[in-house]
Amino acid sequence: MPAERTIVRRTVSAVSAATLKSTKKTAQAAHIKNVAIHEPKKPVAVDEDISTVHPYPLTARERENAINQNTGRKITVFQFQVYDLCAQIPKGQISTYKHISEALQSSPRAVGQALKINPYAPLPVPCHRVLDSKLYIGGFSGQWGEGEKIDNKKAKLFHEGVVFDETDHVAVATRENLIFDGFNVPINKKIKVTAAI
DNA sequence: GTCATAACGTTCT
DNA sequence: AGAACGTTATGAC
């Protein structure tokens, strides 16, 4: 039977301010750079709040005029599709930009773009549970790789039992059954018209 | 393993 | 029409 999982408490590394400026290149480059320069830092205060629940419109009528409070713009149909799927990821599990994009027959960049401005974080749309395809910590709230925002993301996940290694990837030994794969995608969102020429 | 580059879908200007 | 993204795949070291 599954023994009690032992999770070693580890501190969340502080931001290296000097490296923040250098993360404005491609995501991949930033990813590699941050892995390479990682070193233990003193702990910083982090926001571990995973209990704030925002009102979430469910009907088409409510969604028609929904405004994203982060951007002041209307929330698009696609963005709601992404948020609907993200909201299905249970506490203690994670998903990836790629998984979500495949479920929606979209692209990982489009998913990332929608999650970046997620107005329903951390609940009911726990975008901190979405990582990149290598299970690297990835980005949060516009930052990528390192920073206070990333520390918050890591802290939330840690609080939910997700363990990262020293390179900010999900610890390999803990990956089994970690990735949520039960997305419920409404039929009308899966339809893709292929032109019969 | 690192690094550059192209391709992806969506959104904003 | 062009640029920007919380991405990913591929190919060349």
Side-chain angles (χ1 to χ4, degrees), chain A residues 12-13 15 19-38 46-47 50 63-87 89 93-123 125-158 160 162 164-170 172 179-181 183 185 188-195:
Chain A
V12 179
S13 60
V15 188
T19 61
L20 279 182
K21 293 188 177 68
S22 65
T23 59
K24 274 303 173 187
K25 304 180 178 178
T26 69
Q28 190 175 35
H31 168 196
I32 290 163
K33 177 181 289 283
N34 284 318
V35 168
I37 65 175
H38 186 282
V46 290
D47 167 25
I50 50 173
R63 293 183 173 191
E64 254 175 48
N65 300 315
I67 299 296
N68 184 323
Q69 295 303 317
N70 295 334
T71 63
R73 299 182 174 283
K74 280 184 63 173
I75 301 173
T76 66
V77 170
F78 172 77
Q79 283 158 4
F80 270 119
Q81 290 174 357
V82 173
Y83 299 154
D84 285 345
L85 260 58
C86 184
I89 306 171
Q93 286 193 279
I94 58 173
S95 188
T96 69
Y97 304 102
K98 186 182 180 181
H99 280 254
I100 294 176
S101 71
E102 285 178 348
L104 290 176
Q105 300 192 342
S106 177
S107 83
R109 297 208 84 164
V111 171
Q113 189 165 224
L115 289 181
K116 175 184 177 183
I117 56 174
N118 169 28
Y120 304 113
L123 289 173
V125 181
C127 54
H128 60 281
R129 295 176 193 156
V130 182
L131 311 181
D132 93 348
S133 65
K134 301 289 199 326
L135 302 194
Y136 175 66
I137 182 72
F140 195 51
S141 194
Q143 282 181 350
W144 186 267
E146 267 191 38
E148 193 177 329
K149 305 276 180 55
I150 308 303
D151 287 341
N152 288 345
K153 179 176 184 176
K154 215 185 305 178
K156 287 180 173 65
L157 287 168
F158 181 85
E160 297 178 351
V162 179
F164 287 85
D165 67 17
E166 62 280 359
T167 68
D168 283 344
H169 294 252
V170 172
V172 174
I179 298 181
F180 174 68
D181 200 22
F183 285 123
V185 186
N188 64 353
K189 292 175 185 171
K190 296 182 79 169
I191 291 178
K192 191 151 193 172
V193 177
T194 34

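Reckoned from all heavy atoms, side chains included, excluding hydrogens, waters and symmetry mates. We name chains A, B, ... by the order of the sequence lines, and we start the count at 1 in each one.
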For this session: Could you label the plane-to-plane angle of the A:Tyr120 and A:Tyr83 rings as parallel, tilted or perpendicular, counting under 30° as parallel and over 60° as perpendicular?
Result: perpendicular

For this session: Ignoring backbone atoms, test whether A:Ser133 places a side-chain nitrogen or oxygen under 4.0 Å from the OP1 or OP2 oxygen of C:dT7.
Result: no

For this session: Taking only Lys NZ, Arg NE, NH1 and NH2, and the carboxylate oxygens of Asp or Glu, determine whether A:Glu160 and A:Arg129 approach each other closer than 4.0 Å.
Result: yes

Exercise. Which is true for A:Val111 with a 4.0 Å heavy-atom rule: it touches a base, it touches only sugar-phosphate, or it touches nothing?
Worked result: nothing

Exercise. Which atoms form the tightest heavy-atom contact between A:Asp132 and A:Thr96, and what is the distance?
Worked result: O-CG2, 3.7 Å

Exercise. NZ of A:Lys134 to NZ of A:Lys98: how many Å apart, nearest 0.5 Å?
Worked result: 9.0 Å

For this session: Would you confirm whether A:Gln79, through its side chain, and A:Thr76, through its main-chain N or O, come within 3.5 Å as a donor-acceptor pair?
Result: yes

Problem set entry | Most 5' of A:Lys98 and A:Cys127 on DNA chain C, judged by nearest nucleotide | A:Cys127

What protein N or O atoms touch nucleotides 11-13 of chain C N or O atoms at under 3.5 angstrom, if any, and at what distances?
none

Exercise. Taking the side chain of A:Phe78 as heavy atoms from C-beta outward, which of C:dC5, B:dT11, B:dG9 is closest to it?
Worked result: B:dT11

Exercise. Hey, are the side chains of A:Ile137 and A:His169 touching, using non-hydrogen atoms and a 4.5 Å cut-off?
Worked result: no

For this session: Tell me which nucleotide among B:dG9, C:dT8, C:dG6 gets nearest to the side chain of A:Phe140.
Result: C:dG6

Problem set entry | N/O donor-acceptor pair under 3.5 Å between A:Asn70 side chain and A:Asn118 backbone | yes

Problem set entry | Parallel, tilted or perpendicular, as decided by the 30° and 60° cut-offs, for the rings of A:Tyr97 and A:Trp144 | tilted

Problem set entry | Side chain of A:Arg109 (C-beta onward), nearest among B:dG9, B:dT11, C:dG6 | B:dG9

Exercise. Relative to the 5' end of DNA chain B, which residue comes earlier, A:Ser107 or A:Ile117, by the nucleotide with the nearest heavy atom?
Worked result: A:Ser107

Exercise. Are A:Arg63 and A:Asp84 within salt-bridge range, i.e. N to O under 4.0 Å?
Worked result: yes

Exercise. Taking atom P of B:dT10 as reference, at what distance in whole Å does atom CD of A:Gln79 sit?
Worked result: 11 Å

Seminar exercise, completed: Numerically ordered, the residues 67-75 of chain A set in heavy-atom contact under 4.0 Å with DNA chain C is none

Exercise. What base-paired stems does DNA chain C take part in, with at least 3 consecutive Watson-Crick or G-U wobble pairs and both distances under 3.5 Å?
Worked result: B:1-7 with C:7-13, B:9-13 with C:1-5

Seminar exercise, completed: Output for pair (A:His128 NE2, A:Cys86 SG), nearest 0.5 Å, gives 8.5 Å

Exercise. Taking atom CD of A:Gln143 and atom NZ of A:Lys116, what is their separation to the nearest 0.5 Å?
Worked result: 11.0 Å

Exercise. NA contact type, A:Ser141, heavy-atom cut-off 4.0 Å: base, sugar-phosphate, or nothing?
Worked result: base

